[in-house]
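Every chain is numbered from 1, with letters handed out A, B, ... down the list of sequences.
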Protein chains: 2
Amino acid sequence: MADVADLAGVSLKTVSRVVNNAPHVQPELIERVLAAVAELGFRRNPLASSLRSGQTNATIGLLIEEIANPFYATIAGAAAEVARQHDTMLIIASSEEDPAREEQLLRDMCARRVDGLLVVPAGDDHSFLRAEIELGTPMVFLDRPAGGLLADTVLLDNRGGARAGVRRLVEAGHRRIGILLDSIGVYTMRERLDGAQDALAPAGVPYDTRLVRDGVRDPAAAAQVVSELLEGPDPPTAFFSLNNRITLGVIEELHRRGSDAAVLGFDDFDVARLVPYPLTVIAYDTRELARTATELLFHRIEGDRSWPRTVVLPTELVARGAPPR
Amino acid sequence: MADVADLAGVSLKTVSRVVNNAPHVQPELIERVLAAVAELGFRRNPLASSLRSGQTNATIGLLIEEIANPFYATIAGAAAEVARQHDTMLIIASSEEDPAREEQLLRDMCARRVDGLLVVPAGDDHSFLRAEIELGTPMVFLDRPAGGLLADTVLLDNRGGARAGVRRLVEAGHRRIGILLDSIGVYTMRERLDGAQDALAPAGVPYDTRLVRDGVRDPAAAAQVVSELLEGPDPPTAFFSLNNRITLGVIEELHRRGSDAAVLGFDDFDVARLVPYPLTVIAYDTRELARTATELLFHRIEGDRSWPRTVVLPTELVARGAPPR
DNA sequence: TATGGCTTGGACAACGTTGTCACAATAGCG
DNA sequence: CGCTATTGTGACAACGTTGTCCAAGCCATA
């Protein structure tokens, strides 16, 4: 910048003013400075700038579980889009569901003085972030609530969606429903399971824990569990899979066996309409989830200091192929 | 940091030394400083640090087309994993296939003094990056080569894969093959199309441009094109779709019509084995692509100044369901 | 012509950190 | 007992930028 000032024959500060479009600089000087900038290929250093000004550095952080997962990739895409509209860069970090790693990454992002943080929480205690919040870093949690922390949160209506879906199965006459889930340790899974119970009880359908299988991590495991349940005594006539990886495995196994058990899946997926099996899914708008959260974050960054909000977005029941019997 | 120094009764510089694990500090002082750090909740500011030292700031940039696309999400995931092993943050930006935006984002990342850049190029002229490279920012291009720039590049064997796949169709007796592609403007598409031609010529199969359709952007468009070709005179007996979005549409339409045309698709996809149709795909390891590129980048960051390399990763033919006739 | 307000430019310090250097204290040597 | 190494410590400047403040120049008004 000093070189530019020399070449243009003005002071350092004048260059700074020109570069920042500050008022009160003669048009002729602006001209000269811009010419010098072009000639020397000067670009200001945003790091130094934000160090000095203490102001925003046009960066927000996004913490997710795993970027390669389409759900999180969609979130990242929507967040990036909103960030772009605000001329802001997005730093993405993956916690891999590890609370210790999550804490380290969040602290690291805060140390980099991001303007705000978008967090899909992995751990269940985020009180370590309280200091950061008080220090002025806005943050919004999405998909799952923060643990031990009052903060802006955007959630899906997991419970309501599961309730509606299972109610439909029950109304269609199913009384034995196999339920497959990834991990009861995850908030969304607990909510979905609660929703299923909500629907069973009023219909007088017993909640049979033998039909509920936790720890189903991938399609292969799901196929295996479906096998076991179908070959056991008093097999289910319907399956409720609590995420789309599981749904894939369930369908694959039912298809292989030629079974006509009904399938209800939480999470929609791209190729659902190609799947050779009638399938009802509980769908939601992932982009809208992320968009809402990111916009809320930018409100905070722009100075909104109102009481923390919690937004719950609706889910929708989508039937494809033949409806569940 | 000054506060920490006061509390510990040492100088600023000693605190800096302790924080950076520099040698030549008395164990007792280290003790006192760490206690003060803990008490005040001090964390050093990496921005200021990298401003002063001019050294790395433990950040690399990744430029892709669109983060929500599973292909790029997988790349981002693999890059993030390698970055994590090097204690480095990853900044991800999406160009949305817009060369102007690409240039702006790349310049912006360079201005933030990232340690290195991973680029899936969108435009076809990247000579504006030459200055950055000479200024010492290492960069690696992946999936597509840079335009007008000698730089490290990691590619897939698009041409060889397409050649092998089409050769197989030809050997199975197909002489009329419909070819559907997204955009001839994209490097990978051109390579794949060239590969197809490579396989046709030696078999004496004419390259009929009426069977080649450019501009097929999504599954619906692909379905439409398949319809047209099948209903036209002398319809194809096989289809080669140059990416997986197109493959989905092709299969959907063939399935709808009960057609038994053979399908060869570039790109594997998750649910390929669920698809109710015999399908051969040209598969490759996307994670390996990104991993190779990221590791090459870190070699450069760590000082490897050897001549730019180009790595080409193999593709593999995978047949699912019945083989093409 | 003197006064005051407004515009414009520049000197200086500061953001939080680290590299350089010098100095003090200690140890080792003849 | 001096002398040199060695080790530990701190003062200072610098990284590239911007906020603060002051001064100089200009115009309009009294």
Side-chain angles (χ1 to χ4, degrees), chain A residues 1-37 40-59 107-115 132 135-137, chain B residues 1-37 40-59 107-115 132 135-137:
Chain A
M1 205 152 119
D3 295 344
V4 173
D6 283 353
L7 184 59
V10 300
S11 81
L12 209 67
K13 182 64 203 184
T14 300
V15 176
S16 170
R17 278 197 263 256
V18 171
V19 169
N20 291 288
N21 293 316
H24 310 310
V25 183
Q26 280 186 45
E28 187 211 321
L29 285 191
I30 295 182
E31 201 78 356
R32 289 223 310 269
V33 170
L34 288 181
V37 163
L40 297 177
F42 166 83
R43 273 168 317 147
R44 79 190 235 285
N45 181 336
L47 276 66
S49 172
S50 81
L51 172 61
R52 169 62 238 234
S53 68
Q55 299 305 307
T56 76
N57 46 15
T59 308
R107 284 189 188 283
D108 198 357
M109 290 195 184
C110 288
R112 280 160 197 261
R113 306 291 193 269
V114 292
D115 299 336
E132 300 295 347
L135 214 126
T137 306
Chain B
M1 204 152 121
D3 296 344
V4 173
D6 285 352
L7 183 59
V10 298
S11 81
L12 208 66
K13 182 66 206 185
T14 300
V15 177
S16 170
R17 277 195 265 258
V18 171
V19 169
N20 291 288
N21 294 315
H24 309 309
V25 183
Q26 280 187 47
E28 187 210 322
L29 285 193
I30 295 183
E31 201 78 359
R32 289 222 311 267
V33 169
L34 289 181
V37 163
L40 297 178
F42 166 82
R43 273 168 318 145
R44 84 189 230 286
N45 180 336
L47 275 67
S49 172
S50 80
L51 171 62
R52 170 61 237 230
S53 67
Q55 300 303 307
T56 75
N57 48 14
T59 307
R107 284 190 188 283
D108 198 357
M109 289 192 182
C110 288
R112 279 158 198 262
R113 304 291 193 271
V114 292
D115 300 335
E132 300 295 347
L135 214 126
T137 307

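Partners of A:R43 according to the side chain to side chain contact (heavy atoms under 4.5 Å, CB included) rule, which considers only residues two or more places apart in sequence or in another chain, are B:R107, B:C110, B:A111, B:E132. Listed by chain and residue number, nothing satisfies the side chain to side chain donor-acceptor pair (under 3.5 Å) test with B:S53 (two or more places apart in sequence, or in another chain). Annotation: side chain to side chain donor-acceptor pair (under 3.5 Å) contacts of B:R44 (sequence neighbours excluded): B:S49. In this structure, B:R17 has no side chain to side chain donor-acceptor pair (under 3.5 Å) partners at least two apart in sequence or on a different chain. The side chain to side chain donor-acceptor pair (under 3.5 Å) check on A:T59 picks up B:R112, with sequence neighbours excluded.
In this structure, the side chains of B:L29 and B:V18 stay at 4.5 Å or more apart for every pair of heavy atoms.
To the nearest 0.5 Å, the span separating CE on B:M109 from OG1 on B:T137 amounts to 12.0 Å. For the atom pair A:L51 CG and B:R52 CZ, the distance stands at 12.5 Å (nearest 0.5 Å).
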Produce the list of close N/O pairs, under 3.5 Å, pairing protein atoms with atoms of nucleotides 21-24 of chain C; give distances to one decimal.
none

Polar atom pairs (N or O), protein with nucleotides 14-16 of chain D, under 3.5 Å:
from	atom 1	to	atom 2	distance (Å)
D:dA14	N3	B:R52	NH1	2.8
D:dC15	O2	B:R52	N	3.3
D:dG16	N2	A:A48	O	3.4

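Rounded to whole angstrom, the span from the CG atom of A:L47 across to the P atom of C:dT18 amounts to 14 Å. Atom-to-atom, CD of B:Q26 to C1' of C:dA25 comes out at 10 Å; the value is rounded to the nearest Å. Atom NE2 in A:H24 sits about 12 Å away from atom C1' in C:dG9, given to the nearest Å.
Nucleic acid contact for B:L29: sugar-phosphate only, since backbone atoms but no base atoms lie under 4.0 Å from a heavy atom of the residue. Nucleic acid contact class of A:V25 (heavy atoms, under 4.0 Å, all strands): sugar-phosphate only.
The overall bend of the helix from C:dT1-D:dA30 to C:dG30-D:dC1, read as the angle between its terminal helix axes built from five base pairs each, is 50° when rounded to 10 degrees.
Contacts between residues 3-15 of chain A and DNA chain D, defined by a heavy-atom separation under 4.0 Å, are made by A:L12, A:K13.
Scanning both residues, B:V114 and B:N57, for their nearest heavy atoms gives CA-OD1, 4.0 Å. Between A:V10 and A:V15 the shortest heavy-atom distance is CG2-CG2, 3.9 Å.
For the pair B:S16 and C:dT18, the criterion of a side-chain N or O lying under 4.0 Å from OP1 or OP2 is met.
Among residues at least two apart or in separate chains, there is no salt bridge (charged side-chain N to carboxylate O under 4.0 Å, His left out) pair with a member in residues 6-15 of chain B. Within the structure, salt bridge (charged side-chain N to carboxylate O under 4.0 Å, His left out) pairs that include any residue of residues 20-37 of chain A comprise A:E28-A:R32 (at least two apart or interchain).
For A:N45 (side chain) and A:L47 (main-chain N/O), a donor-acceptor pair under 3.5 Å exists by modelled atom type.
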